[in-house]
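Chain letters run A, B, ... following the sequence lines, proteins first and then strands; every chain starts at 1. This is a predicted model, so every value here is computed, not measured.
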There are 2 protein chains.
Amino acid sequence: MSTSHIPNTKSPSLPEHVIKALSIDNLIFGLDEDELKILLVRQTDPMHQGKWALPGGWIRYDENLRDAAYRLLEELTGIRDVYLEQLKTFGRVDRFPNERVVTVAYYALVSADNFSLVAGQTAEEVNWQSVNKLPELVYDHAEIIAHGLTVLRHQVCHQPIGFNLLPEKFTLLQLQALYEAILNIKLDKPNFRRKIMKMNLLSPCNEKQQGVPHRAANLYTFDAAAYEQLSQSGFSFEI
Amino acid sequence: MSTSHIPNTKSPSLPEHVIKALSIDNLIFGLDEDELKILLVRQTDPMHQGKWALPGGWIRYDENLRDAAYRLLEELTGIRDVYLEQLKTFGRVDRFPNERVVTVAYYALVSADNFSLVAGQTAEEVNWQSVNKLPELVYDHAEIIAHGLTVLRHQVCHQPIGFNLLPEKFTLLQLQALYEAILNIKLDKPNFRRKIMKMNLLSPCNEKQQGVPHRAANLYTFDAAAYEQLSQSGFSFEI
DNA sequence: GCAAAAGTGTTTCACATACACCCATGC
DNA sequence: GCATGGGTGTATGTGAAACACTTTTGC
């Protein structure tokens, strides 16, 4: 959450007309150099002593939950047009100091296209952190991230959401590296290629990689329309 | 929700010290005669004109979300010791009249053992309804149930939660009928048997069905301990 | 015997796996 | 040439699907 999460203070940055007992927290995953990262903000007020937190905030009275998640995401990071899904609601009695605050967690997968873009915007406060070595976090945010990782690892095997982590055009080996990074496993290249290609979810760009010190690979895009059609015919994505 | 969900009234039945903007709603599924049903309560106050609702209510300040779900479930239906899992949080601005109320939905699968038991307890107010022909429901409860069904149909294929809908001891054909009822499909008996038996999740009771007008089938129980051990070795349940 | 469900056997075919191999390109 | 990744081919085994079949029991 942002620094506006200090309880019991009428901070001027706190918007009026928000739901008091409820907040939003966003888990934003990105891929950097074949490593899975998550976007965190640093709490600048002395009370939290520089701990890190998920980007989040309060929900307005006249705002749907998902809209609030999108608004907060864009306000804090500039990110928009991403896959944003409700994760879970966390409401342990003692998760927040002094008052009872329940938080609805959402998660998004950010493509490599605007990965670096985001990190640059508000350099000192927002930062990507490897999910394998997280800093100290406020409240129950470590627990929320742990749950988010579990869900992500499950979802990525059963739905084609991984493509959201890649640039628009990608190679098959980039896709394979993505699954290897998220799932912490090694995959067989020929078999992975066949499995993916048989799904008929990728459209060839008829372009090749540029500036690589080896044979250039073909580039592909994910065909969302084809996936829509296939899933209505009972097709189910499985890795 | 129960009748205590009337907004802006200081009803004497409304417990003190609850979170104002948040409620719980429970989706309780049961199997009756190979038909999937859900437990609903009738709103008795004139404002709702006899519409039906999910059993739910308010969360106390000193109560974890899941604890509240369990408490409300037991208070309203007497059901306990069931698989109870968070479904999703629903918070559309206009889902509740006059004030902003966000609700956290939980779902449970009730075994056929105490299926009839529940229906008897508070006969005129609580009732099982087929999910295929639901009555008119208050607020967004139809939407919540629709989402619950989607999740249930997905989960039942990937986790051994279906067993919660059966009596403690069951036959393989009962199990098959369960999947056929939930998924609305036909399954091949020999292949289904082999698939299930190969998982090593069922313990034979060394007992047979009683009083059936045909050859009596063997009874089995679900071996939860075996499942725990297998899933830690990377086993994943799939139908 | 007949009906109805329990339970077994067998063939077929697709597909996942494993691994060997050739291709293209920059240095 | 050689290193690096791109991309293809093939043998093998497992297992899902389809369906024919036998067994048991009540009436």
A:A216 or B:L173: which one's nearest nucleotide on DNA chain C is closer to the 5' end? B:L173
Can you say whether the rings of A:Y227 and A:F222 are parallel (under 30°), tilted (30 to 60°) or perpendicular (over 60°)? tilted
Could you tell me whether the side chain of B:R193 and the main chain of B:D188 form a donor-acceptor pair under 3.5 Å? no
Does any residue of residues 179-195 of chain B have a heavy atom under 4.0 Å from DNA chain C, and if so, which ones, in number order? B:K189, B:P190, B:R193, B:R194
Specify whether B:F90 and B:H147 have parallel, tilted or perpendicular ring planes, treating 30° as the upper limit for parallel and 60° as the lower limit for perpendicular. perpendicular
Take atom CD of B:Q210 as the centre, draw a 6.0 Å sphere, and report whether it contains more than 12 heavy atoms from other residues, nucleotides or ligands. no
Anything under 4.0 Å to a heavy atom of chain B counts; send over the first and last such nucleotide of DNA chain C, read 5' to 3'. C:dA4 to C:dT10
Distance from A:L36 atom CG to A:L152 atom CG, nearest 0.5 Å? 6.0 Å
Going 5' to 3' along DNA chain D, which are the first and last nucleotides with any atom under 4.0 Å from a heavy atom of chain A? D:dT4 to D:dT10
Taking for A:Y220 and for A:P213 the nucleotide of DNA chain D with the nearest heavy atom, the one nearer the 5' end belongs to A:P213
Are the ring centres of B:F163 and B:F170 closer than 6.0 Å? yes
So A:Y139 and A:H141, would you call those rings parallel, tilted or perpendicular, with 30° and 60° as cut-offs? perpendicular
Does any donor atom in the side chain of A:N164 or A:S111 lie under 3.5 Å from an acceptor atom in the other side chain? no
Donor-acceptor side-chain pairing of B:Y107 and B:Q155 below 3.5 angstrom: yes
pair B:V131-B:K37: side-chain heavy atoms closer than 4.5 Å: no
